[in-house]
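Let me begin by presenting the structure, written as structure tokens, before commenting on it.
It should be emphasised that the depicted structure is a prediction, and the values quoted were computed from it without experimental measurement. Sequential numbering from 1 along the given sequence is applied to the chain's residues.
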Amino acid sequence: MKITTKSIYAIRALHTLNLLSEDSKPVGIATLSEKLGLSNKYLEQIFSNLKRSKLVISTAGKLGGYKLARPVEDISILDVITTMDGGLIPIHCVNNKNCTVCSECSINGLWYEMKNHMEEYLRNVNIASLNDKKYPVLGCPD
């Protein structure tokens, strides 16, 4: 299963927004863009989805920008992936009403159970927990 780049960047953007937020003041796209190394246009697309799902709120004007719509502890990684990708689907036949062999498939339950375990795990990891160094940088190329 592959989580899209938009989800990955949305998680990074919310984490960075949390780190840069002082006294709940909005953080501008240009600031986030610089910190994340992403274009303003791409971040605007991401934040448009996050705003539509009520994960962030925006403020217009010279001192405008984005801020979290609720406490960072209440924004799960699953919330973000669901917003950006529509949820987790480890294999095309999970939740596929058009599958013609679903009732006869000997491994459908495996994929469905895997999806449920992944959702439960990501539901319990929130943006705030990314600050506590529980998730060290691993597997990056030298």
Side-chain angles (χ1 to χ4, degrees), residues 1-61 64-142:
M1 186 203 90
K2 184 175 180 180
I3 295 172
T4 67
T5 304
K6 275 196 174 183
S7 280
I8 294 166
Y9 286 143
I11 294 164
R12 288 183 58 214
L14 289 172
H15 181 235
T16 302
L17 179 62
N18 179 50
L19 294 174
L20 295 177
S21 294
E22 296 177 18
D23 303 322
S24 297
K25 291 180 184 171
V27 178
I29 282 290
T31 302
L32 290 165
S33 175
E34 183 179 326
K35 283 284 188 189
L36 294 166
L38 300 172
S39 73
N40 288 2
K41 185 176 179 179
Y42 190 58
L43 273 178
E44 283 288 358
Q45 291 173 10
I46 289 171
F47 274 92
S48 176
N49 287 342
L50 296 172
K51 182 180 174 185
R52 197 171 318 129
S53 293
K54 298 182 177 19
L55 295 177
V56 298
I57 54 178
S58 65
T59 306
Y66 290 92
K67 59 184 179 177
L68 299 172
R70 56 187 194 231
V72 71
E73 296 82 9
D74 295 339
I75 302 174
S76 76
I77 300 302
L78 183 61
D79 291 337
V80 182
I81 293 170
T82 300
T83 294
M84 303 308 292
D85 294 340
L88 289 173
I89 300 180
I91 189 167
H92 72 281
C93 62
V94 172
N95 293 340
N96 182 352
K97 292 176 177 42
N98 297 322
C99 181
T100 58
V101 296
C102 182
S103 62
E104 302 161 12
C105 181
S106 62
I107 60 172
N108 179 277
L110 169 72
W111 307 127
Y112 193 77
E113 192 171 324
M114 182 178 80
K115 173 188 178 290
N116 289 340
H117 284 291
M118 291 171 62
E119 284 179 344
E120 182 63 25
Y121 175 75
L122 295 172
R123 186 178 291 112
N124 290 307
V125 178
N126 59 46
I127 298 297
S129 68
L130 300 177
N131 295 340
D132 65 13
K133 306 293 186 212
K134 181 178 178 183
Y135 307 101
V137 176
L138 300 173
C140 291
D142 293 335

At what distance, to the nearest 0.5 angstrom, does [atom1] of [X] lie from [atom2] of [Y]?
{"X": "Thr5", "Y": "Met84", "atom1": "OG1", "atom2": "CE", "result": "10.5 Å"}
{"X": "Arg123", "Y": "Leu88", "atom1": "CZ", "atom2": "CG", "result": "9.5 Å"}
{"X": "Lys51", "Y": "Glu44", "atom1": "NZ", "atom2": "CD", "result": "9.5 Å"}
{"X": "Leu43", "Y": "Leu32", "atom1": "CG", "atom2": "CG", "result": "6.5 Å"}

Would you sort out whether His15 and Asn131 count as a side-chain contact (heavy atoms from CB on, under 4.5 Å), showing the intermediate values?
CA-CA 8 Å; His15 181 235; Asn131 295 340; 2.7 Å; yes
Flag side-chain contact, heavy atom, 4.5 Å: Ile11 against Leu130
yes
Any heavy-atom pair between the side chains of Tyr9 and Leu38 that's under 4.5 Å?
yes
Taking [Y]'s backbone N and O only, do any of them form a donor-acceptor pair with [X]'s side chain (distance below 3.5 Å, no angle check)?
{"X": "Ser7", "Y": "Ile3", "value": "no"}
{"X": "Ser129", "Y": "Val125", "value": "no"}
{"X": "Thr31", "Y": "Val27", "value": "no"}
{"X": "Ser21", "Y": "Leu17", "value": "yes"}
{"X": "Thr59", "Y": "Pro26", "value": "no"}

Evaluate the side-chain hydrogen bond (donor to acceptor under 3.5 Å, both in side chains) criterion for residues Arg12 and Thr16: first the C-alpha distance (whole Å), next the side-chain angles of each, then the deciding distance (0.1 Å), finally the verdict.
CA-CA 6 Å; Arg12 288 183 58 214; Thr16 302; 6.0 Å; no
Does atom [atom1] of [X] have more than 12 heavy-atom neighbours from other groups under 6.0 Å away?
{"X": "Lys6", "atom1": "NZ", "answer": "yes"}
{"X": "Glu113", "atom1": "CD", "answer": "no"}
{"X": "Tyr42", "atom1": "OH", "answer": "yes"}

Check: Ser76/Asn126 side-chain N/O donor and acceptor closer than 3.5 Å
no
May I have the step-by-step check of side-chain contact (heavy atoms from CB on, under 4.5 Å) for Ile77 and Ile127, ending in yes or no?
CA-CA 7 Å; Ile77 300 302; Ile127 298 297; 3.8 Å; yes
Show your working on side-chain contact (heavy atoms from CB on, under 4.5 Å) between Lys35 and Leu19 and close with a plain yes or no.
CA-CA 11 Å; Lys35 283 284 188 189; Leu19 294 174; over 6 Å; no
For Glu119, salt bridge (Lys or Arg N to Asp or Glu O under 4.0 Å) partners two or more places apart
Lys115
List the steps, then state whether side-chain contact (heavy atoms from CB on, under 4.5 Å) holds for Val56 with Phe47.
CA-CA 8 Å; Val56 298; Phe47 274 92; 3.9 Å; yes
Run through Asp85, Asp79, Thr83 and flag the one making a side chain to side chain contact (heavy atoms under 4.5 Å, CB included) with Ile81.
Asp85
